[in-house]
There are 2 protein chains.
Amino acid sequence: MNTFSFLALFPMSERSEKRTMRATADQVAREANVSRVAVSRAFNPNASLKQEKRDRILQIARELNYTPDMAARSLVTRRTHLVGMIVPDVCSPWESAEIDALTTALQAEGFATLLFKAKADFSMDPTLLTYMRGFNPDSVIAFTENIEPDVLSGFLDHAVPIYVIYDDAEQFAGKPSASLYDRLLVRQSDGIGQAVALLQGYGVRRIAYLAGKTQSLANTERQRMITKAMAERGMEPPVIVAGDYTYDTAYRATLDLFRIGEGADAVFASNDVGAFGAIDALRHELGLSVPGDVKVVGFDDIPQSHWKSYNLTTVRIDLEERVRALVRLILMRLKTPDAAPLTETLSTRLVVRGTVG
Amino acid sequence: MNTFSFLALFPMSERSEKRTMRATADQVAREANVSRVAVSRAFNPNASLKQEKRDRILQIARELNYTPDMAARSLVTRRTHLVGMIVPDVCSPWESAEIDALTTALQAEGFATLLFKAKADFSMDPTLLTYMRGFNPDSVIAFTENIEPDVLSGFLDHAVPIYVIYDDAEQFAGKPSASLYDRLLVRQSDGIGQAVALLQGYGVRRIAYLAGKTQSLANTERQRMITKAMAERGMEPPVIVAGDYTYDTAYRATLDLFRIGEGADAVFASNDVGAFGAIDALRHELGLSVPGDVKVVGFDDIPQSHWKSYNLTTVRIDLEERVRALVRLILMRLKTPDAAPLTETLSTRLVVRGTVG
DNA sequence: GCCAGAAATGAAAACGTGTTCATTCAAGGT
DNA sequence: ACCTTGAATGAACACGTTTTCATTTCTGGC
């Protein structure tokens with residue numbers, strides 16, 4: 001029992017013992033005394049075929065362990081039912097959660113995930129793109145944000161981008177292209193407003209924003225919205241601390257902020273993992289209390305955020321909802337390419353736990 | 001800049017504006033004044049073709065943005081260059097790290113990862129398998145351990161399993177099949193021995209083993225090796241606490257152990273995430289000190305284990321090394337199907353941090 | 001019992017590539 | 001100058017499916 005995890009498959013020609021090929025539509029047809037076309041139709045629900053005949057074919061197909069060959073099918077259909085995902089770091093909690101949810105949702109719709117690892121610096125590798133192109137994915141999801149849509153969609157033929165934009169649809173007023181395409185609008189300002197209000201309620205005056213990757217649009221918009229929310233409440237602009245979404249960088253940046261810099265009443269991290277780094281630096285190296293001396297707020301609400309050691313107060317982006325909206329957009333555009341551009345909107349909200357108050 | 005993450009592709013027939021198909025080998029051939037066969041050969045390094053001719057073809061291919069169509073190619077080659085991965089939980093730190101490393105390694109060898117989400121209960125879904133079969137992956141990696149190899153390799157044609165076994169190759173003495181196939185032997189006992197020795201050195205007498213999924217072979221072998229190591233040092237057998245590799249279950253199980261049960265001097269968790277749950281329960285709910293009152297040891301050494309809040313002492317499985325060995329086995333078997341069965345061995349070692357001593 | 005329209009059917013033509021096989025070409029040894 | 005060997009070449013076929021299109025069979029209304 002439970003003896004294995006890995007399995008290699010081999011084409012018939014190379015296995016001397018097993019001479020049983022994968023069953024083909026022709027074999028099923030012969031066995032069922034019908035034409036090969038009938039077999040094809042049996043597997044296509046809305047093709048016209050006598051019910052009784054269809055049942056018999058499917059029965060025989062099951063006995064022969066037959067499944068239509070996707071490669072052959074996609075050759076004529078021009079649909080591979082593959083969705084390419086380009087990911088720099090599968091280990092990142094937020095990204096792995098998003099991959100998980102996307103794969104689940106797409107799988108339910110009959111699409112399989114084709115996973116590619118991008119370079120660590122988030123850059124888009126032309127070789128990788130060329131390589132991926134060969135598989136002809138029906139759609140591509142890129143988890144890196146530092147490449148122009150035009151470059152990528154020029155590389156992949158007939159690609160129509162779906163924009164993920166933050167807070168202000170108007171920030172793209174100058175780019176006419178943005179309004180021509182489908183968009184997912186994430187209103188980060190909602191949760192950020194709640195967070196800033198809560199912090200101010202606790203008497204916080206000086207907030208440090210622990211930034212993420214500078215190429216990340218999500219990051220720059222988070223920073224902008226925090227600054228805006230603070231201004232609206234009559235607070236001074238936040239102190240900006242450079243970061244890159246990782247624990248280690250956040251840890252060191254926090255040390256610098258409090259040792260070399262002038263510290264802060266609260267640290268607003270650009271993501272939860274960064275918040276963890278900040279908390280650990282404050283508690284375990286600087287000897288400060290969270291939330292006693294310094295409040296900490298994160299962003300994302302990953303599963304680890306409710307772990308008791310951190311118990312993080314954070315701005316939650318509902319992953320399930322986000323993925324549902326994205327999959328809806330992708331499938332809509334795939335089914336009806338000429339439909340009018342659609343915009344989905346996603347709110348965010350503050351989840352209050354133990355690192356504030 | 002940095003305005004998008006998602007991209008949908010569409011077959012020509014459905015896009016009214018763009019009428020430019022993907023370039024085909026015929027077009028390249030016509031443009032270069034050669035036969036289509038020459039184009040095929042140009043992309044196959046060990047086919048015989050005049051160097052000058054090959055260069056010209058590749059040049060023109062680049063200009064036309066041409067890449068061989070994998071679907072068409074695999075139809076005749078019987079090789080898809082796809083490796084299917086069946087994963088119950090992509091979010092799990094250890095699994096996501098393994099997916100990341102495997103994808104990187106396989107990508108370097110020209111294989112792409114085809115990701116499928118299995119049911120949450122680790123069970124193998126026949127529908128999923130049938131579905132995956134359609135894509136004809138060259139190889140399959142299953143991250144779930146509760147299905148007989150025979151069942152799966154019967155389902156997928158011409159599948160030859162690669163066994164991952166733990167500590168004793170002899171445990172499969174009764175199963176002749178095990179010695180017929182390739183194997184990765186993980187010597188968990190190495191690191192476990194070091195851990196038990198260290199704990200005994202600190203005067204620990206009563207160890208609780210916080211178990212993982214009972215269907216997991218890795219788990220049962222960890223338990224067996226801990227018991228064995230303790231016996232060899234004249235210690236009483238460990239207290240077994242049921243678990244399932246998750247934080248929440250580990251947290252509650254630890255509470256029960258110390259409130260209802262009789263507690264322990266040390267908790268040996270079946271994985272790092274479980275150790276985190278134990279630590280948090282001890283520190284934040286039971287008011288005990290780690291490592292003062294109770295020592296904690298984990299298993300895996302995931303990236304989070306060095307985070308200061310946990311700073312976990314743990315038995316490290318070298319992920320890179322493990323993945324290298326696995327990829328080596330898979331590729332070897334794929335290239336030379338009739339080669340003699342190979343066994344790779346992997347050691348483990350204790351990484352000492354702050355939760356012991 | 002007849003006719004129109006709809007549903008069911010199979011032959012043939014794609015889809016884009018790799019491979020076989022017989023042929024041509026170039027080079028090198030006597 | 002001749003033969004031999006090996007490399008270079010392209011025509012034809014194969015891979016397993018879907019789709020088109022023309023034909024046949026069924027259905028229901030008069």
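By convention in this document, chain letters (A, B, ...) are assigned in the order of the sequence lines, proteins followed by strands, and residues within each chain are numbered from 1.
- For residues 37-58 of chain A, the ring pair (Phe, Tyr, Trp, His ring centres under 6.0 Å) pairs, not counting sequence neighbours, are A:Phe43-A:Tyr66.
- When the local axes at the two ends of the helix from C:dC2-D:dG29 to C:dT30-D:dA1 are compared, using 5 base pairs at each end, they differ in direction by 30° after rounding to 10°.
- Remark: A:Gln51 engages A:Asp55 in a side chain to side chain donor-acceptor pair (under 3.5 Å) (not counting sequence neighbours).
- In this structure, A:Gln51 atom CD and D:dT27 atom P are separated by 14 Å, rounded to whole Å.
- Atom-to-atom, CD1 of B:Ile57 to P of C:dT17 comes out at 13 Å; the value is rounded to the nearest Å.
- In this view, A:Thr67 and B:Arg133 satisfy the side chain to side chain donor-acceptor pair (under 3.5 Å) rule, not counting sequence neighbours.
- The salt bridge (charged side-chain N to carboxylate O under 4.0 Å, His left out) check on A:Glu344 picks up A:Arg328, with sequence neighbours excluded.
- Rounded to whole Å, atom P of D:dG16 lies 13 Å from atom CZ of B:Arg133.
- For residues 99-108 of chain B, the pairs satisfying salt bridge (charged side-chain N to carboxylate O under 4.0 Å, His left out) are A:Lys117-B:Asp100, with sequence neighbours left out.
- Remark: side-chain polar atoms of B:His81 are not paired, donor with acceptor, to backbone N or O of B:Phe111 under 3.5 angstrom.
- By the side chain to side chain donor-acceptor pair (under 3.5 Å) test, B:Ser74 pairs with no residue at all, sequence neighbours left out.
- Distance, A:Asn46 CG to C:dA7 C1': 15 Å, rounded to whole Å.
- Partners of B:Arg36 by salt bridge (charged side-chain N to carboxylate O under 4.0 Å, His left out), not counting sequence neighbours, listed by chain and number: B:Asp26.
- For A:Arg54 and C:dA7, the CZ to P distance is 14 Å, given to the nearest whole Å.
- Of the candidates A:Leu106, A:Leu82, A:Ile330, A:Ile330 is the only one forming a side chain to side chain contact (heavy atoms under 4.5 Å, CB included) with A:Ser139.
- Between the CZ atom of B:Phe135 and the P atom of D:dG16 there is a distance of 18 Å, given to the nearest Å.
- With rounding to whole Å, B:Leu49 atom CG is found 14 Å from C:dT19 atom P.
- Scanning for side chain to side chain donor-acceptor pair (under 3.5 Å) contacts around A:Gln59 gives A:Arg62, A:Glu63, with sequence neighbours left out.
- When the salt bridge (charged side-chain N to carboxylate O under 4.0 Å, His left out) test is applied to A:Asp89, no partner is found at least two apart in sequence or on another chain.
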Find every protein N or O atom lying less than 3.5 Å from an N or O atom of nucleotides 17-22 of chain D, and list the pairs.
residue : atom : partner : partner atom : Å
D:dT17  : OP1  : A:Tyr66 : OH           : 2.7
D:dT17  : OP1  : A:Asp69 : N            : 3.3
D:dT17  : OP2  : A:Thr24 : OG1          : 2.8
D:dT17  : OP2  : A:Ala25 : N            : 2.6
D:dT17  : O4   : A:Arg36 : NH2          : 3.2
D:dT18  : OP1  : A:Arg73 : NE           : 3.0
D:dT18  : OP1  : A:Arg73 : NH2          : 2.9
D:dT18  : OP2  : A:Ser40 : OG           : 2.4
D:dT18  : O5'  : A:Ser40 : OG           : 3.4
D:dT18  : O4   : A:Arg36 : NH2          : 3.0

Below 3.5 Å between N/O atoms, which protein atoms pair up with nucleotides 5-7 of chain D? Just atom names and distances, please.
none

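- When rounded to the nearest whole Å, the span between NZ of A:Lys50 and C1' of C:dA6 equals 14 Å.
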